[in-house]
Amino acid sequence: MRWQDIDVVIEKQLGDQQFACQRGCAWCCHQLIVLTHWEDGRQILAAARGRLTPEEFGVFERRIRDQAQAITKMGHAAAEALQWTCPLLKDGECVVYDLRPVACRSVFSTDAATCQAMMEAEDFDELTDSQQSVANEIGKRAFDLQIAINDQRPVDGPIELRVLLTRLLDEID
Ligand code: SF4
Ligand code: SF4
């Protein structure tokens with residue numbers, strides 16, 4: 001399934017709702033990313049290699065490997081709590097924006113300020129009632145979108161992006 005087709009599924013699900021999301025808005029880029037389709041990881045790795053300088057790619061690879069190792073060692077939940085900045089974020093923009101994973105593509109928010117508050121809060125209870133409501137809507141919408149997309153293409157099984165990219169890097173080496 002091509003990215004354009006995935007975006008059509010997303011557009012149909014969203015209807016005419018208005019969102020604050022745009023390229024360069026990255027408060028949501030501080031989480032672990034679970035992929036359910038491994039080919040996505042291959043495309044992302046190839047694009048990162050082509051779009052980053054060799055020095056930048058070296059830094060990217062080290063961060064990917066270090067974080068993948070930490071996820072394996074401490075477990076997904078503990079690593080998620082660390083809110084690492086995604087290694088694919090460069091100068092505030094996603095290096096692979098056109099190929100970003102379904103987990104990223106399906107996150108839509110009506111309020112970027114709430115996304116910032118979610119990123120900065122240490123606890124969900126620190127958010128105001130209206131921020132909690134927006135946060136819950138983001139989670140539910142993303143879940144529904146991922147179900148709609150996965151209904152239309154075979155699923156390989158869940159794996160964290162950094163862990164998958166490390167495996168793919170080892171295959172190439
Ligand atoms: S989900 Fe929030 S942080 Fe992410 S692009 Fe949309 S508004 Fe920005
Ligand atoms: S892959 Fe791109 S959109 Fe997804 S978290 Fe990383 S930088 Fe953000």
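Everything numeric here is computed off the predicted structure, so don't read it as measured data. When a ligand or atom number is given, it counts from 1 through the structure's own listing order.
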Legend entry - Side-chain heavy atoms of L35 within contact of I33, under 4.5 Å: yes

Inset, instruction - Quick one: do R63 and W84 satisfy side chain to side chain contact (heavy atoms under 4.5 Å, CB included)? Show the steps, please. - result: CA-CA 10 Å; R63 290 180 66 201; W84 288 318; 6.0 Å; no

Inset, instruction - Apply side chain to side chain donor-acceptor pair (under 3.5 Å) to Q13 and list each qualifying residue two or more places apart in sequence or on a separate chain. - result: none

Legend entry - side chain to side chain donor-acceptor pair (under 3.5 Å) partners for T166, two or more places apart: none

Legend entry - Protein heavy atom at shortest distance from atom 6 (Fe) of ligand 1: C21 SG, 2.4 Å

Inset, instruction - Test R42 against every option in L165, L164, L168 by the side-chain contact (heavy atoms from CB on, under 4.5 Å) rule and name the one that passes. - result: L168

Inset, instruction - Please identify each residue that fulfils side chain to side chain donor-acceptor pair (under 3.5 Å) with W3, with sequence neighbours left out. - result: Q43

Inset, instruction - Would you mind checking which non-hydrogen protein atom is closest to atom 5 (S) of ligand 1, with the distance to 0.1 Å? - result: C25 O, 3.5 Å

Inset, instruction - Determine yes or no for a side-chain-to-main-chain donor-acceptor pair under 3.5 angstrom, with R141 supplying the side chain and F108 the backbone. - result: yes

Inset, instruction - Could you tell me whether a side-chain N or O of D5 sits under 3.5 Å from a main-chain N or O of M1, the two making a donor and an acceptor? - result: no

Inset, instruction - Give me the protein N, O or S atoms that fall under 2.8 Å of atom 8 (Fe) of ligand 2, sorted by chain and residue number. - result: C29 SG

Legend entry - Protein heavy atom at shortest distance from atom 2 (Fe) of ligand 1: C115 SG, 2.3 Å

Inset, instruction - Check ligand 2 against P101 and write out every atom of the ligand that is under 4.0 Å from a heavy-atom position of the residue. - result: 1 (S)

Legend entry - Closest protein heavy atom to atom 1 (S) of ligand 1, given as residue, atom name and distance to 0.1 Å: V107 CG1, 3.5 Å

